[in-house]
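Structure first, commentary second.
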Amino acid sequence: MDQQVPPSFPPSPGADRFVRAWDQLVTTRSGRRSTAAALLLLSEGPTEPARAMLLGLSARLVADDAVLAPHALVEEAAGPTTVADLCEQLAADLPESMPPGSGRLRFPSYWLMRDIAGAELTEAPERRGRELRGYLYARHLQRADGGKLLRERLREHGAGVLRPLAVAVDLWELMAGPLFGRRVRRRMLPRRGRGWYARWARHGGRPVKDFFASAQSLAPGGRYATPDRVEQALIRALLGDLDEALRRSLFSPWRRRRGARFVLFFTGADRPPSSGAHAAPARPGAVHRFLSEYLEAVGDGGSTSTSVVVSGDRRLAEELSVPVREGTDLETAAQRLQNRIGSGDGDPSVVVVAVPRPEGVPAGAPGSVSAPVVDRRADAWLRRHPNVQTETFRWGPRTGLVLSAIGTVLVLLATGAGASKYFEELVLPPCPGDQFPGPARTGCLGLSDGRERFDGMSPEFRPLFKEIAEQNRLADKQEKGGSIVRTVAYVGAITAVEKDQAQQRGVLPELRGVLLAQKSVNAAALADNRKVWLKLLLVNTGPKYAAGVTAAKMVVARRDKDHLAGAVGFGMSLQRNFDTMKVFDDASVPMIGTTGTADQLLQQSQQYYQTAPINDREAAAAALFVSRQAVVVHPDGRRSIAGGAVVVENPSADDIYSRNLAEDFQRRFLDQVQGPVTRLGYAPDRDAVKNPDVTVVDSTAALAQRVCDVLAARRDTVVFWAARGPELIAFLYDFQALPTCGGKLTVLGGDDITNSLVADARPTTKYSNLTLYHVAHAVPMLDEPNVQAKQFDSLYEKEFGTQDGMFTDGWPALGFDALNVLSTAVNEAYQNSGSKAFDRATISSILHSGIGQVHEGIQGATGVFSFNGTQTSTRVPLDKPLYVVHDTDTGPVIAMKCGLFAIGRNVTEWGSRSQHPCPRDTN
C-alpha cells in the first residue's frame, strides 16, 4: 500500500542521502549532538520547489497525527513582522508540538526577558534594578493563575475560620519576593558563568554580578534598550530554554523521552526591496533578522537543541554573506550535514541547497513550476521511510517514574553504605577539585591525580585513572619513608572525543604507555634508592586543547608545591597546543613530546624535546620510498615508481600537522622525482580556508573526483594522504564508485593512518583495486627491533591484552618512551646533585647536555634517544626509526625500515637487497 502514497519530500537525485543525513542530525541525542545547523533551501527562480522541500521535511516529523519531533512552522508572508512577535509565535507553537509523553515545554528565561522588554520603570537608574525585581515578581504572580485564585478566595473569607491560612499566604508572598529574586539570579547567572546571559551581557568586558542591575538596562529607557539588543536577548533566552528542555533529568521520565532537536521551519524568507532607486535599504524581515541573530547566538553559546530550515531565494544567502557555490546540490548538502553529526566544533554550520530553476521557466519569471526530475532510487527509499525514526519506549512516563523510584530504592537498599555516596554525587558540583566545565558541555577539564575522573571522559580511561591513583598513593607512602618523589604532568585532550575517536587521536593509547612507564619507573625506584619515584598529574586540555592555557597555568601555579619535574604529552600539532607549551616554557618546565610530529613543535620552546620523528623526516622517507619502490599499479597490471603525486591535506589553519606534512612531502618529492605535484585540501567549510597553493573541496565525493581527474591524465601518480585517517575511509568509499578510474589507486598515508584504523576499516579487503601503504613509528605485531621493545610488548600484553587494536600502533610505545626519557633525566639530575633539592634547571641541563651512558643516549622501545645538545643542538632523536607498512588483504607487511633502532645498530639501507638508502640525520 505504501507504494501508492507519494513521498512527502520531492524524490530528486540525492534526496535519499540528504533526507537520511537530515533525519540523523535531528534525532542525534544529547551528548553526541553538534552545535546547531541552519539549512537554507534557496531557489534560483520560483520559490515553490524550495518550499515543497521544506514542507516535505516538516511532514516527516508527524506520523498518523502523532508528533515524532517538536517543531514549528512560520510562514513569513502572513506571519510576524518583528522578531519579538516571531519569538512569541515559536514559544506558543513549540509546546503544542511536543511528542506524546515528553512533558510540558516551559520558557522561564524567555518569559523573563519578554517581561523585562516591556517593563515601564520610573525610578532613578541606581534604583531601577530593585524596581525591576518587584515588577517581574508581580508578573510572575499574574501568570500563576491557580495561586491567584486561591489567594482571592482566602481573602474573601479572611474574617472567618480561614483567616490564619489567609495570613499565612500573605506572609508567604512577602517572603517569596526575595526568594524569587534569588531563584532568578541562579537561573540567569549560574555558577562558573555557564549561563547564556552571563556570556552575552558583559558590559564593557566586565562580568555581570547583579542580574537585575544589569537587566534593567534592557527595559524601556535603559542604556541598552535598543531594538537590536532586545532581539538578541529574546533569541538567546529562547535558545537557552530549549537547551535546558533537552537536558536530561535523573528523576524525570518525561525529559528522558526528549531526544530530537527542536526544528524551526521558515518559508519565504526574503528581504523586502527598497521603495526607490535612492531610497535607503528596507529593514530586513523578521525571519531574516532572527536567522542572523540565531547564527551569532549559536556561535557564542554553543547551543545544540535546535535546527533551522529556511526556504527562500538566493537574496537570503547574499544578505547573510553565505556563498552559493556550484555543487550545492542534495548530494553535497548530505555530505556536509553528515560532517556536522557528532562534530565537536563549537561554531554553527550553514548548509545550502541550491534548488535549480524548473525547466522552461526563465530567470526572474514567477510562472508555474514544472514537475521535478524523479530519481527512482530516492523515490523508493522515501516511500519506504516516510517518517523520521525516533526512539521508542516500552513504558509510559508515569510507569517509568514508578519503576525508576522502585529501582532506586532497591539499589540503595542493596548497596547500604553506598547510599550516602549516591546522594553525595547528586548534590556535589559537576566538576570537583581543580577542574572546571569545558566549552559546549564537553565535560570537566583541568587537573586530576587519578582519584577524580573527568566528567565526560570515555569509560576506557577509568582503569587507567585507577592505576595512576594507586601509583601516586604508593609514591606518597614512599616519600614519607624518605624516598625522593617528583611529579610529572601528562598533558592531553582526555575528554575531547568519544572512545573510537580518542583511540584514533592517540590520547588513550599514549596514556596507556605513560602508565606502563610510571609502573616500571616506580618498580625500579623501589629496588634502587638512587632512583626517583614519579607521580602523575593528569592535565585535561579539552577538545583541540581549547582550555590548554588555563589548565597549564594551574599546573605552573602549583609547580613548587608538587615538586614538578616536567611534563609529557602535547600530542596534537595545533596552535592552542603551542600556546599551552609556551606557558610551561615561561615557567622553565622541561617537556617531552609523545605523538606530535609537526616541525613547528620544536620551535615553540627550548625546553621541549620530542620522541617521535618530525614531519620532515617522515616526508623524506615517504618520498624516497615512492621514488625507489614500484608502488603504482597501472590498469594493465604492471607496476612503476611514482612519476607524479597528489597530496591530500586538511588546509584549515588549525591543523598545523596536516599542512606541514603536505608541504614537507611536496618539497621532498620534487627533490627526488621532479614530477608534478597537485595539492588538494578537504575542508567541509572550504570558504574559511585561504590558501592559494591548495585546491580546496568541501566533500569527499568532490575530492574523489578531483583525484580521479589527475589519475586519468597521468597513471603513474601516487596519492600521499597528509589529512586525518578517518577521512581516508570516507574518501575511498566515494572513489571506488567513480567509473573513470575503476577504483584503481595507490595511497601512501602519513602516521595518522594507524595500524588499528586499517585493521578496523579493512579498506584493502573492501576495495580490491586499492594499493595502500602508511608510515608508522612502531609495528609491535611485526617487528621487535630491540630488547626494550620486547619488554614493552610483554608489559602491554599483560596489562591490556592485544585484542583492541591499539597494541598494533606506535602511540603506546611513544608514551612509554616519553616518560622513561624524562625519568632518566630526573635520575641523573638527582645522582649528579647528590641532594634531594635538585630542581627543574638541573633536569633541563641534563637533557640539553645529553642523557645516557657517555651521551650515547638511552635505549627506548621505539629507538635510541640521543638528545646531545653539545654536539648537534638537536631536541629530536637522531635517525629516529620509521617504517613504511604495506597493507595487504592478508595483513600488514613491512616495506621499508630505517633508523637507529638500538645503540650501535643504525639501519641505513632498505629494499629486498638493501639496495636503497635511508634518510639520514647524521653522516
Side-chain angles (χ1 to χ4, degrees), residues 461 464 488-494 496-497 500-517 538-541 543-545 548 567-574 576-578 580-581 591-602 604 608-619 621 650 655-658 660-661 722-726 749-758 774-780 789 792 796 805-822 860-863 865 875-877 880-883 885 899:
F461 283 100
L464 304 187
V488 174
Y490 169 78
V491 183
I494 295 174
V497 283
D500 56 337
Q501 293 172 313
Q503 176 175 328
Q504 293 164 6
R505 299 279 183 186
V507 179
L508 180 60
E510 73 177 22
L511 187 56
R512 283 185 172 185
V514 169
L515 168 62
L516 290 178
L538 299 165
V539 184
N540 184 12
T541 64
K544 297 182 179 180
Y545 282 68
V568 299
F570 311 99
M572 299 182 75
S573 302
L574 305 170
R576 281 174 287 192
N577 183 26
F578 295 171
T580 303
M581 294 169 65
M591 294 169 276
I592 310 294
T594 49
T595 58
T597 60
D599 301 343
Q600 293 89 336
L601 280 164
L602 293 169
Q604 306 309 310
Y608 175 79
Y609 298 82
Q610 191 160 305
T611 58
I614 60 174
N615 278 349
D616 185 57
R617 176 169 171 79
E618 182 176 319
N650 180 349
D655 199 338
I656 297 171
Y657 157 84
S658 181
N660 173 234
L661 182 58
R724 296 297 177 175
D751 64 281
D752 206 64
I753 310 296
T754 60
N755 297 313
S756 57
L757 174 65
V758 173
H774 74 272
V775 179
H777 300 135
V779 282
F792 169 76
Y796 189 97
M806 278 180 274
F807 172 70
T808 63
D809 295 328
W811 288 343
L814 286 172
F816 181 81
D817 282 345
L819 189 61
N820 272 323
V821 165
L822 186 57
T862 60
F865 296 91
R875 287 173 285 109
V876 65
K880 188 64 173 39
L882 277 172
Y883 297 86
V885 179

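Counting from 1, the numbers follow the sequence of the chain as shown.
Rounding to the nearest 0.5 angstrom, the gap separating the CZ atom in Phe578 from the OH atom in Tyr545 is 10.5 Å. Atom OG1 of Thr597 is separated from atom CD of Gln610 by 7.0 Å, given to the nearest 0.5 angstrom. Distance check: Asn650 CG to Leu661 CG gives 12.0 Å after rounding to the nearest 0.5 Å. Note that the CD1 atom of Ile614 and the OG atom of Ser573 stand 11.0 Å from one another [nearest 0.5 Å]. With values rounded to the nearest 0.5 angstrom, Gln600 atom CD is found 6.0 Å from Ile656 atom CD1. The CH2 atom of Trp811 sits 13.5 Å away from atom CZ of Arg512, with the distance rounded to the nearest 0.5 Å.
Looking at every heavy atom in both residues, Thr594 comes nearest to Ala818 through CG2-CB, 3.7 Å. A pairwise comparison of heavy atoms in Ala493 and Met572 identifies CB-SD, 4.5 Å as the closest pair. When every heavy atom of Met581 is checked against every heavy atom of Gln604, the shortest pair comes out as CE-CB, 3.9 Å. Considering every non-hydrogen atom in both Gly863 and Pro881, the closest pair reads CA-CG, 3.9 Å. In this structure, Ala612 and Gly596 approach most closely via the heavy-atom pair CB-O, 3.8 Å. Listed here is the closest heavy atom pair of Phe461 and Val507: CZ-CG1, 3.8 Å.
For Glu618 (side chain) and Asp751 (main-chain N/O), a donor-acceptor pair under 3.5 Å exists by modelled atom type. Looking only at distances, a side-chain donor or acceptor of Arg875 sits under 3.5 Å from a matching main-chain atom of Leu602. A donor-acceptor distance shorter than 3.5 angstrom exists from the side chain of Thr611 to the backbone of Gly593, with no hydrogens or angles considered. Here the side chain of Asn820 pairs a donor or acceptor atom with the backbone of Phe816 at under 3.5 angstrom.
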Yes or no on side-chain contact (heavy atoms from CB on, under 4.5 Å) for Leu601 and Asn577, after CA distance, side-chain angles and deciding distance?
-> CA-CA 9 Å; Leu601 280 164; Asn577 183 26; 4.0 Å; yes
For the pair Arg576 and Thr541, evaluate side-chain contact (heavy atoms from CB on, under 4.5 Å) and give the outcome as yes or no after the intermediate values.
-> CA-CA 10 Å; Arg576 281 174 287 192; Thr541 64; over 6 Å; no
Evaluate the criterion side-chain contact (heavy atoms from CB on, under 4.5 Å) for residue pair Met591 and Val568; output intermediate values, then yes/no.
-> CA-CA 6 Å; Met591 294 169 276; Val568 299; over 6 Å; no
Show your reasoning for whether side-chain contact (heavy atoms from CB on, under 4.5 Å) applies to Leu464 and Val514.
-> CA-CA 10 Å; Leu464 304 187; Val514 169; over 6 Å; no
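A search for salt bridge (charged side-chain N to carboxylate O under 4.0 Å, His left out) contacts involving Asp599 returns nothing, not counting sequence neighbours. Residues forming a salt bridge (charged side-chain N to carboxylate O under 4.0 Å, His left out) with Asp655 (at least two apart in sequence, or on another chain): Arg724.
Using modelled atom types and a 3.5 Å distance limit, the side chains of Asp817 and Thr862 yield a donor-acceptor pair.
Side-chain atoms of Leu882 and Pro613, non-hydrogen and from C-beta on, do get closer than 4.5 Å to each other.
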